[in-house]
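Taking it in order: structure first as structure tokens, then the write-up.
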Amino acid sequence: MEKELVSVVITTYKRRVSQIKAAIDSVLNQSHENLELIIVDDSPNEYEYRDEVKNYCENILDSRVKYIQHEKNMGACAARNTGFSNSNGKYIAFLDDDDEWVKDKIEKQLDVFRKSKNNIGLVYCNATIHEGDGSTRCVFDRHTPYRGSVYKQLSCDNFIGSCSFPLLKSEALKKVEGFDPKMVASQDWDTWLRISKIYDIDYTEDSLIHYYIHKGERITGNTMKRLDALHRLDEKQKDILTTDKDVLVSRREYELRLYIQSKQVGEAIKCYFEIVAAKPYRVGKNIILLKAFGRFIVKRKDGTF
């Protein structure tokens with residue numbers, strides 16, 4: 001398996017060379033050298049540094065690099081699908097243009113595939129999260145990792161993480177027809193869910209990524225996109241949401257937080273009562289949610305939220 005070709009796709013949008021160089025270098029410096037790097041530039045035509053990025057990427061002195069420029073901005077999912085459709089590897093991985101891999105990221109994830117006897121379609125990993133305030137934490141500190149048949153657990157929480165985290169079998173991504181361009185957010189979660197319905201999932205506990213969260217990214221404007229994406233996921237997953245109350249309640253708790261963040265009081269109230277109706281015997285947790293919701297109402301009345 002060491003000789004298997006791995007395709008890596010970096011999608012970039014309105015970044016300068018200085019901002020994407022670290023991501024590119026972290027791929028080309030991988031200990032697993034049999035790879036191809038496909039850089040898909042999804043910046044709009046009017047982006048002032050578009051030619052600068054093109055010139056840099058096309059002049060990288062490494063025959064493993066391929067640069068593709070969209071004629072116009074088409075969105076993250078379309079950019080990833082462009083990279084996938086131009087790939088040749090048995091395995092494929094994606095890297096956001098502002099994240100970085102450690103040197104043996106691909107090698108260690110391939111090793112999990114090698115040792116597994118199950119029908120594995122995706123291997124994810126731990127990561128070091130760099131917060132906007134300079135602090136760091138590990139993903140597995142907050143998200144419990146699961147392996148095997150994980151569709152139910154993954155429906156409750158995207159513990160796999162962003163597109164920078166997993167290594168996938170190309171056949172698995174092909175079978176689910178790639179990323180869904182209709183998803184305005186949570187594109188990664190949606191894709192992992194579709195793969196987990198068909199394949200087993202595995203992971204390594206090694207922290208193999210430096211994942212950066214920049215100041216200003218967690219803003220209310222993005223909350224509306226997350227809500228739209230969540231509603232699309234609900235439509236896609238009607239089967240499990242109507243038969244599994246654990247999944248339903250977990251999904252509604254996430255939705256409740258988004259409604260509170262976007263100050264949609266009416267929708268938040270509906271969401272809370274749906275949670276209580278699904279699990280009325282869960283008194284302690286429901287009271288905690290009610291108190292949190294009450295604090296939100298008080299802030300609204302005081303004009304402090």
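Below, each value reflects all heavy atoms present in this structure, side chains not excepted, and no hydrogens, waters or symmetry copies.
- In this structure a side-chain-to-backbone donor-acceptor pair under 3.5 Å is present from Asn126 to Phe140.
- In this structure, the ring of Tyr203 has its center no less than 6.0 angstrom from the ring center of Phe159.
- Residues forming a salt bridge (charged side-chain N to carboxylate O under 4.0 Å, His left out) with Asp239 (at least two apart in sequence, or on another chain): Lys197.
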Output, in order, the C-alpha distance, side-chain angles, deciding distance and verdict of side chain to side chain donor-acceptor pair (under 3.5 Å) for Asp41 and Tyr67. CA-CA 8 Å; Asp41 192 339; Tyr67 174 78; 2.8 Å; yes

Should Arg15 and Val53 be marked as a side chain to side chain contact (heavy atoms under 4.5 Å, CB included) after you check the CA-CA gap, both sets of side-chain angles, and the distance that decides it? CA-CA 8 Å; Arg15 301 277 190 189; Val53 172; 5.8 Å; no

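- Using modelled atom types, one finds no donor on one side chain facing an acceptor on the other under 3.5 Å when comparing Thr128 with Thr136.
- The hydrophobic clustering, which links ILVMFWY residues whose side-chain heavy atoms are closer than 4.5 Å, places Leu233 and Tyr259 together.
- Applying the ring-ring contact (aromatic ring centres under 6.0 Å, His included) test to residues at least two apart or on different chains, the pairs with a partner in residues 38-57 are Tyr47-Tyr49.
- Salt-bridge formation is detected for the pair Lys238/Glu235: a Lys NZ or Arg NE/NH1/NH2 atom is positioned less than 4.0 Å from an Asp or Glu carboxylate oxygen.
- Remark: Gln30 pairs with Leu35, Trp101, Lys105, Ile106 by the side-chain contact (heavy atoms from CB on, under 4.5 Å) rule, at least two apart or across chains.
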Would you tabulate the side-chain donor-acceptor contacts of residues 166-173 under 3.5 Å, counting partners in other chains and residues two or more places apart, or write 'none'?
from, atom 1, to, atom 2, distance (Å)
Lys169, NZ, Ile120, O, 3.2
Ser170, OG, Gly89, O, 2.8
Ser170, OG, Lys90, O, 3.4
Glu171, OE2, Tyr199, OH, 3.3

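- If you chain together hydrophobic residues whose side chains sit under 4.5 Å apart, Val184 and Tyr13 never meet in one group.
- Using a 30° and 60° split on the angle between ring planes, Phe113 and Tyr91 fall in the tilted class, from 30° to 60°.
- Note on Glu36 versus Lys66: no salt bridge recorded, every NZ/NE/NH1/NH2 to OD/OE distance being 4.0 Å or above.
- Of the candidates Leu154, Val139, Leu193, Val123, Ile160 forms a side-chain contact (heavy atoms from CB on, under 4.5 Å) with just one, namely Leu154.
- Salt-bridge annotation for Arg252 and Asp234: present, with a side-chain N of the basic residue lying under 4.0 Å from a carboxylate O of the acidic one.
- Around atom CD of Gln19, more than 12 heavy atoms belonging to other residues, nucleotides or ligands sit under 6.0 Å away.
- In this structure, the side-chain contact (heavy atoms from CB on, under 4.5 Å) partners of Arg194, at least two apart in sequence or on a different chain, are Val176, Asp180, Asp190, Thr191, Lys236.
- For Glu4 and His32, the side-chain atoms include no donor-acceptor pair closer than 3.5 Å.
- Salt bridge Arg114/Asp111: present, at least one basic N to carboxylate O contact under 4.0 Å.
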Under 3.5 Å donor-acceptor pairs involving side-chain atoms of residues 71-86, not counting sequence neighbours:
from, atom 1, to, atom 2, distance (Å)
Asn73, ND2, Asp42, O, 2.9
Asn73, ND2, Asp42, OD2, 2.7
Asn81, OD1, Phe179, N, 2.9
Asn81, ND2, Cys77, O, 3.4
Asn81, ND2, Phe179, O, 2.9
Thr82, OG1, His70, NE2, 2.8
Thr82, OG1, Ala78, O, 3.0
Ser85, OG, Asn81, O, 3.2
Ser85, OG, Thr82, O, 2.9
Asn86, ND2, Thr82, O, 2.8

